Amino acid sequence: MDLASLVSCFGSSACLVTQVTSGLIIGMLLFLVAAGLTLIFGVLKVINFTHGAFYMLGAYFAFSIFKATDSYVIAMFGAAVATAVVGLIFERLFMSRVYGRNMLMQLLVCYGFILIFDDVVKIIWGAEFRSMGMPAIFQVPPLFIAGGVVPPFYLFLVSMTTVIGVTLWLVIERTRFGKIVRAAAHNPSMLSVLGINTGVLYGLVFGLGGLLAGFAGALAAPVRSLTPGMGFSILIESFIVTVIGGMGSIVGAFIGSLLIGLIRTFGTVGFPLFTDGLMYLFMVMVLIARPTGLFGKEIA
Amino acid sequence: MATYRRSGISRRAVVEGAAATAIGILAAPMISRAQAKPIKIGMPTILSGRVAQLGTSSRNAVMLEVDKVNATGGLAGRPIEMVIRDSKGQPQEAARVARELINSDGCELLIDAEASSGAFAVHEVARDLKILCLHTNSETSSLTADPKQRIPNAFRVCRQGIHDSIVGGAYSANVANAKKLTKWMTCSPDYAYGRDTTAQFVEYLKHFKSDVEVVSEAWPKLFQPDYTEVLTKILQTKPQALYSCLWGGDLTSFIEQGNIYALFTQTETFAVNMADYTALTVVKNLPKGIHSGNRYIKTFPKTAQNASWADAYRAKYNEYPTNWVWQNATAVNFLSAAARKANSADGTKLADALRGLTIDSPFGSNGKLTLRADDQTLIDYAVGWGTTIPTEPYVPDVTPGDWRQIIELETEWKKKNNYT
């Protein structure tokens, strides 16, 4: 424990700027993955354990597209769309068969596909780790804001995730599709009775989750090493975020992600040997105070 | 009329007999070679998971050398047959696989190509079944330094943590003296290897430069994907120098992420595992001037033999050799030399021959490698530190470690740890 460093950090604008922006960077990337996870759970009532694999696929797709086109924009959007298509196909062919089944069956199907996706990545891209490298446009010195260090790529990353997050919120809250999705989360039987094809809707929601995970993978690819199984670690943290925010709540996922990001960055300063522990401790405290998470709703 | 009695042996019989004898004499080695039972060597290693690349490169290296040994008659006339199995990097699986290789597959020798955690498990199998075992990838010093671990039938044919730490400490102290670096920070993976290696490095850095102060430490998890919080902590601490024993994908992520914070222009960085092709060739923007210990690079030792060995490996497998490659190739070379010396492939006789054996090798500091008799471990291998450049040869010049100094300080270290 290094409380003196933590106190000193709060008293320094340079430290505050650096740690807060770092918290945003970690949090916003987590949010993209957690938002897809919580969206799928909210509508389909399935805990999609393969979601980390979608993040991995997004990163690998971006790696290949960037290599082929040398354009990071094409790589990012291409990877997100390709992952969405994989998500859609996966849902239609496999996940749709286990809706309503017991959780163990769903878990086994998801776990099986985690291994399959990892092996597919090994076959296509190899078992060794890969690195996409930083696009040339971002190979510039970091910015110094109030003495704090902020890399331009991370500014881009936070901006992109903010735009994606706001768009997602608008789609869910302000569009007809969003209303149908919310209705499906509330009462899918009634939706069917009203003539909505819930099968197609479920596929689209899964695809949307894949799109978000694909974006997250593509945004992470320039700074993280790509390796089969890379989705696992982010999956764990995303679950913590969704549990803290409340299962099924996108706003909760957003707040939870930011809180985890800040806990990690300030925890490293004040509690260097207990940073992970802090995250779990916070989750336990939230669950004791609000068993449904910060923004979760009691299931009637 | 006198009859002339024909002798009992006809001319035809003599010719036939002579021919048969000649064929017998000429064919004898071939028949005996054909009858020589192949010697099976078991090899548990990591062929799946995050570090599978190292395991597959170990397998490649062994096969490259085994082919050469078999082409010249095998081990004392017995062709080598490798039986290579995946341990998935799990110690209990490594032990199970090793036991199975001996009991079920009939392997008579073991090349243990496990990382440290698995190596200790395989070591216990070798102790139990009394089979000759060559550890090729475990760098944990206690495996051979600790007398409680030592068994007559196990040898370490790879680099060792304490040797690297002494050389790293001496080299870094020289740089620190020249550049007046006293304020240091460490950033290493949070598991046994990271903690032990960092502690040993700092110990020898301070041994050679007593005014060094380690002002902060960061311990990211093994396989951590994001180093943002670690990097910002380093930036806040503003150390003059940074030591890290991150490796593989973790190191490349750290370098890529450190680059965007311009970390390596602000801090003199000592990354012991940087000079390995698995990292050098993957990092897209390799910074100039990172100090690193050699793992395996074809420019050190700077000899034609080393360069041509690396080229041959690359030509056959279309990949650069890893650190595990030279070690596993060396194990086969030692077995071959021991079999020649003992004129036998028997495990006990091979062990006797291996003890204190010196061989010619492209990986030796002076063209030779020795398996030191008293603790059955490899010495005189090429060990040194240099600095990176962004393109091949990546680490053009390496300052070699002084083996006299290494052994002197290692002896002191052993005394201090009651390893004598």
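Remember, it's a predicted structure, so these values are computed and weren't measured experimentally. Letters A, B, ... mirror the listed sequences (proteins, then strands); counts begin at 1. All values below were derived from every heavy atom in this structure, side-chain atoms included, with hydrogens, water molecules and symmetry-related copies excluded.
Of the residues listed (B/Thr387, B/Thr388, B/Ile389), the one engaging B/Val395 in a side chain to side chain contact (heavy atoms under 4.5 Å, CB included) is B/Thr388, and it is the only one.
The parts of A/Arg224 that come within reach of chain B are both its backbone and its side chain, each placing non-hydrogen atoms under 4.5 angstrom from that chain. For a residue to count as touching a neighbouring chain, one of its non-hydrogen atoms must lie under 4.5 Å from one of that chain's; by this rule B/Thr232 touches chain A with backbone and side chain alike. Interface remark: B/Ile260 contributes backbone and side-chain atoms alike to the contact with chain A (heavy atom separation under 4.5 Å). Residue A/Thr18 touches chain B through both its backbone and its side chain, counting heavy-atom pairs closer than 4.5 Å. B/Asp226 touches chain A through backbone and side chain together, each having a heavy atom under 4.5 Å away. Neither the backbone nor the side chain of A/Phe266 has a heavy atom closer than 4.5 Å to any heavy atom of chain B.
Ranked by heavy-atom pairs under 4.5 Å with chain B, the list A/Pro141, A/Gly133, A/Gly261, A/Gly126 is led by A/Gly133. Of all the listed residues (A/Thr265, A/Asp276, A/Val150, A/Thr275), the one sharing the greatest number of non-hydrogen pairs under 4.5 Å with chain B is A/Asp276. Top candidate by heavy-atom pairs under 4.5 Å with chain A, chosen from B/Trp219, B/Tyr227, B/Tyr261, B/Phe254, is B/Tyr261. Ranked by non-hydrogen atom pairs under 4.5 Å with chain A, the options B/Ala218, B/Ala262, B/Gly248 are led by B/Gly248. Taking A/Pro152, A/Pro151, A/Ala220 one by one and counting their heavy-atom pairs under 4.5 Å with chain B, the maximum is reached by A/Pro151.
The two atoms that bring A/Pro222 and A/Phe153 nearest to each other are CG-CZ, 3.6 Å, heavy atoms only. A pairwise comparison of heavy atoms in A/Thr83 and A/Phe54 identifies CG2-O, 3.3 Å as the closest pair.
Note: B/Tyr243 and B/Phe201 have parallel aromatic rings, judged against thresholds of 30 and 60 degrees for the angle between ring planes.
Checking B/Gln53 against B/Thr322 by side-chain atom types alone, no donor-acceptor pair falls below 3.5 Å. A donor-acceptor contact under 3.5 angstrom links the side chains of B/Thr182 and B/Gln240, judged on distance only. A side-chain donor-acceptor contact under 3.5 Å links B/Ser188 and B/Thr198. Counted by atom type alone, A/Ser64 and A/Trp125 present one or more donor-acceptor pairs between their side chains at under 3.5 Å.
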